[in-house]
2 protein chains.
Amino acid sequence: MKDVTEKLKEYIRRKNLRWTGQRQTIVEQLLRTRQHLTTDELFRKVQKQDPSIGYATVARTLHFLVDAGFCDQVDISDGSMRYEVVWGHEHHDHLICSVCGKFIEIFSPELEKIQAKLVRQHGFIETTHKLQIFGTCIDCQKNLCRTENKPLAK
Amino acid sequence: MKDVTEKLKEYIRRKNLRWTGQRQTIVEQLLRTRQHLTTDELFRKVQKQDPSIGYATVARTLHFLVDAGFCDQVDISDGSMRYEVVWGHEHHDHLICSVCGKFIEIFSPELEKIQAKLVRQHGFIETTHKLQIFGTCIDCQKNLCRTENKPLAK
DNA sequence: TTTGATAATGATAACCGTTATCATTATTGT
DNA sequence: ACAATAATGATAACGGTTATCATTATCAAA
Ligand SMILES: [Mn+2]
Ligand SMILES: [Mn+2]
Ligand SMILES: [Zn+2]
Ligand SMILES: [Zn+2]
């Protein structure tokens with residue numbers, strides 16, 4: 001946490017930007033909360049800590065954090081972009097429960113290897129990829145889901 | 001083509017819907033043209049064949065065709081949804097060139113098998129998945145790209 | 001073939017997440 | 001403390017999609 005702030009401050013110095021209390025608050029909330037938040041979800045959490053912070057600042061800070069490499073933008077086609085912290089996390093893909101909205105993070109070196117092979121076979125140069133698998137999570141199948149996430153729209 | 005129309009008419013009868021000249025025209029254009037079109041791109045093509053057809057009809061017809069299983073909606077996070085014909089095509093995923101906007105369709109039973117294994121391991125029940133790999137296609141690497149597709153916005 | 005119930009259409013307004021604008025405030029190197 | 005300028009907050013604008021509604025077209029039944 002302290003470490004994260006320092007890394008961000010380094011990035012800010014490099015880019016001639018400025019560290020602000022708003023950015024501090026927003027990063028704190030991002031780290032404190034479950035990932036894959038929409039701008040609006042994060043905005044509500046930020047407002048509880050500091051009601052003076054505006055929506056635009058949250059939106060702009062999320063762009064800033066994506067540029068800095070601290071966050072990734074995740075688009076699951078449910079109407080708005082989501083953001084997750086990636087510093088300190090391995091690359092991963094997602095199982096997404098259509099009932100409770102839960103994200104299950106998956107990583108398989110085996111899978112990545114085959115993807116890389118396919119890319120190579122087409123002479124393609126990959127920059128990024130995303131794999132999203134939609135369905136029903138094990139908890140929702142048993143009606144035992146305790147997730148407080150709102151179900152995904154659609 | 002004649003076959004496709006018949007299958008759609010069957011679906012329409014089952015659902016108590018109606019076959020119209022507009023739907024005929026729109027389906028013709030979808031089959032005649034490259035896939036992964038936005039609503040607006042399809043609208044422009046449709047208008048050349050019949051300028052009296054409105055944008056809303058194209059948009060609504062695309063939804064209808066998705067419901068019917070004739071089209072899939074493809075979201076590559078470039079600002080608008082795209083649609084592709086899937087009847088008569090195997091399931092596939094996409095390599096997407098960020099330079100020229102080209103879609104390269106890939107299918108690997110090996111890959112699908114590993115995905116299925118991961119899903120099983122989490123007790124997840126899959127309904128759909130999508131894998132999108134972004135980068136630069138082989139033609140664009142050599143500046144030989146002949147694709148008339150507009151580069152993807154970003 | 002006419003008819004009646006109602007699905008579909010076209011024009012356009014509304015919607016909604018995101019981005020741009022702009023006057024004001026805050027940060028940072030000097 | 002100061003000057004340069006990045007960041008902020010309120011809100012308008014933007015753009016793709018969807019809703020509205022009066023009118024027209026479809027199609028099964030008579
Ligand atoms: Mn994740
Ligand atoms: Mn395709
Ligand atoms: Zn669930
Ligand atoms: Zn290309």
Side-chain angles (χ1 to χ4, degrees), chain A residues 5-6 8-27 29 36-44 46-47 49-68 71 73-83 150 152-154, chain B residues 5-6 8-27 29 36-44 46-47 49-68 71 73-83 150 152-154:
Chain A
T5 306
E6 286 315 310
L8 282 172
K9 285 184 181 172
E10 263 175 58
Y11 174 83
I12 275 182
R13 251 189 309 277
R14 264 205 315 285
K15 297 272 185 179
N16 267 308
L17 306 177
R18 293 170 191 179
W19 185 251
T20 64
Q22 290 91 333
R23 286 179 173 175
Q24 175 78 42
T25 300
I26 291 165
V27 169
Q29 285 301 326
H36 317 106
L37 295 167
T38 64
T39 305
D40 191 65
E41 284 166 354
L42 178 58
F43 171 61
R44 289 166 195 277
V46 163
Q47 281 240 315
Q49 182 174 341
D50 179 351
S52 73
I53 296 178
Y55 182 92
T57 298
V58 175
R60 280 183 301 227
T61 299
L62 282 169
H63 283 175
F64 156 75
L65 292 171
V66 168
D67 291 342
C71 284
Q73 206 177 39
V74 181
D75 184 357
I76 62 166
S77 305
D78 69 333
S80 47
M81 289 292 177
R82 293 168 184 278
Y83 298 85
K150 293 166 215 103
L152 304 177
K154 185 38 204 264
Chain B
T5 306
E6 286 314 309
L8 282 172
K9 286 184 180 171
E10 263 176 59
Y11 174 85
I12 276 183
R13 249 189 310 279
R14 262 205 317 285
K15 296 273 186 177
N16 267 308
L17 307 178
R18 290 167 193 181
W19 185 251
T20 64
Q22 290 92 332
R23 286 179 174 175
Q24 175 78 42
T25 301
I26 290 164
V27 168
Q29 285 301 324
H36 316 106
L37 295 167
T38 63
T39 305
D40 192 65
E41 285 165 355
L42 179 57
F43 171 62
R44 290 165 195 279
V46 163
Q47 281 239 316
Q49 182 174 341
D50 179 351
S52 73
I53 295 178
Y55 182 93
T57 299
V58 175
R60 280 183 301 226
T61 299
L62 283 169
H63 283 174
F64 156 75
L65 292 170
V66 169
D67 290 343
C71 283
Q73 206 177 38
V74 181
D75 185 356
I76 62 166
S77 306
D78 70 333
S80 46
M81 289 293 177
R82 292 168 185 278
Y83 298 85
K150 291 166 216 105
L152 303 178
K154 178 48 201 271

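Remember, it's a predicted structure, so these values are computed and weren't measured experimentally. Naming convention: chains lettered A, B, ... in sequence-line order (proteins, then strands); numbering from 1 in each chain.
The shortest distance between side-chain heavy atoms of A:Glu41 and A:Tyr83 does not fall below 4.5 Å.
Between B:Gln22 atom CD and D:dA25 atom P there is a gap of 9 Å when expressed in whole angstrom units. If you measure from atom CZ of B:Phe43 to atom C1' of D:dT17, you get 14 Å, rounded to the nearest angstrom. Protein atom CG of A:Asp67 is 15 Å distant from nucleotide atom P of D:dA6, rounded to whole Å. Atom pair A:Asp78:CG and D:dT17:P shows a separation of 15 Å (rounding to whole Å applied). Atom-to-atom, CD1 of B:Ile12 to P of D:dA25 comes out at 17 Å; the value is rounded to the nearest Å. Note: CD (B:Glu41) to P (D:dG15) measures 16 Å, nearest angstrom. Atom CZ of A:Arg18 and atom P of D:dA4 are 12 Å apart (whole Å). Atom C1' of nucleotide D:dA6 and atom OH of A:Tyr11 are separated by 14 Å, given to the nearest angstrom.
Here the range on DNA chain C touched by chain A, meaning any atom under 4.0 Å from one of its heavy atoms, is C:dG17 to C:dT28.
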Report task. Starting from the C-alpha separation in whole Å, work towards a yes-or-no answer on side-chain contact (heavy atoms from CB on, under 4.5 Å) for B:Asp40 and B:Val58. Result -> CA-CA 9 Å; B:Asp40 192 65; B:Val58 175; over 6 Å; no
Requested in this report: Quick one: do A:Asp78 and A:Arg82 satisfy side-chain contact (heavy atoms from CB on, under 4.5 Å)? Show the steps, please.
Outcome: CA-CA 10 Å; A:Asp78 69 333; A:Arg82 293 168 184 278; 2.8 Å; yes
**Report entry** Audit row: B:Thr5, B:Gln24, side-chain contact (heavy atoms from CB on, under 4.5 Å) steps and yes/no
**Finding:** CA-CA 8 Å; B:Thr5 306; B:Gln24 175 78 42; 3.8 Å; yes
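If you take CG on A:Leu37 and CE on A:Met81, they are separated by 15.0 Å, rounding to the nearest 0.5 Å. Considering NE2 of B:His36 and CG of B:Leu42, their distance stands at 13.5 Å, rounded to 0.5 Å. Atom CG of B:Leu8 sits about 5.0 Å away from atom CH2 of B:Trp19, to the nearest 0.5 Å.
Annotation for B:Thr38 and B:Ser80: closest pair CG2-OG, 3.5 Å, computed over non-hydrogen atoms. Listed here is the closest heavy atom pair of B:Ile53 and B:Phe43: O-CE1, 3.5 Å.
With sequence neighbours excluded, the residues that form a side chain to side chain contact (heavy atoms under 4.5 Å, CB included) with B:Thr20 are B:Gln22, B:Arg23. Looking at residues two or more places apart in sequence or on another chain, you find a side chain to side chain contact (heavy atoms under 4.5 Å, CB included) between B:Asp67 and B:Tyr11.
For the helix from C:dT1-D:dA30 to C:dT30-D:dA1, the rotation axes defined at the first and last 5 base pairs enclose an angle of 40°, given to the nearest 10°.
Within residues 50-60 of chain A, the residues having any heavy atom under 4.0 Å from DNA chain D are, by residue number, A:Ser52, A:Ile53, A:Gly54, A:Ala56, A:Thr57, A:Arg60.
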Each nucleotide N or O in nucleotides 28-30 of chain D that has a protein N or O under 3.5 Å away: list the pair and distance.
none

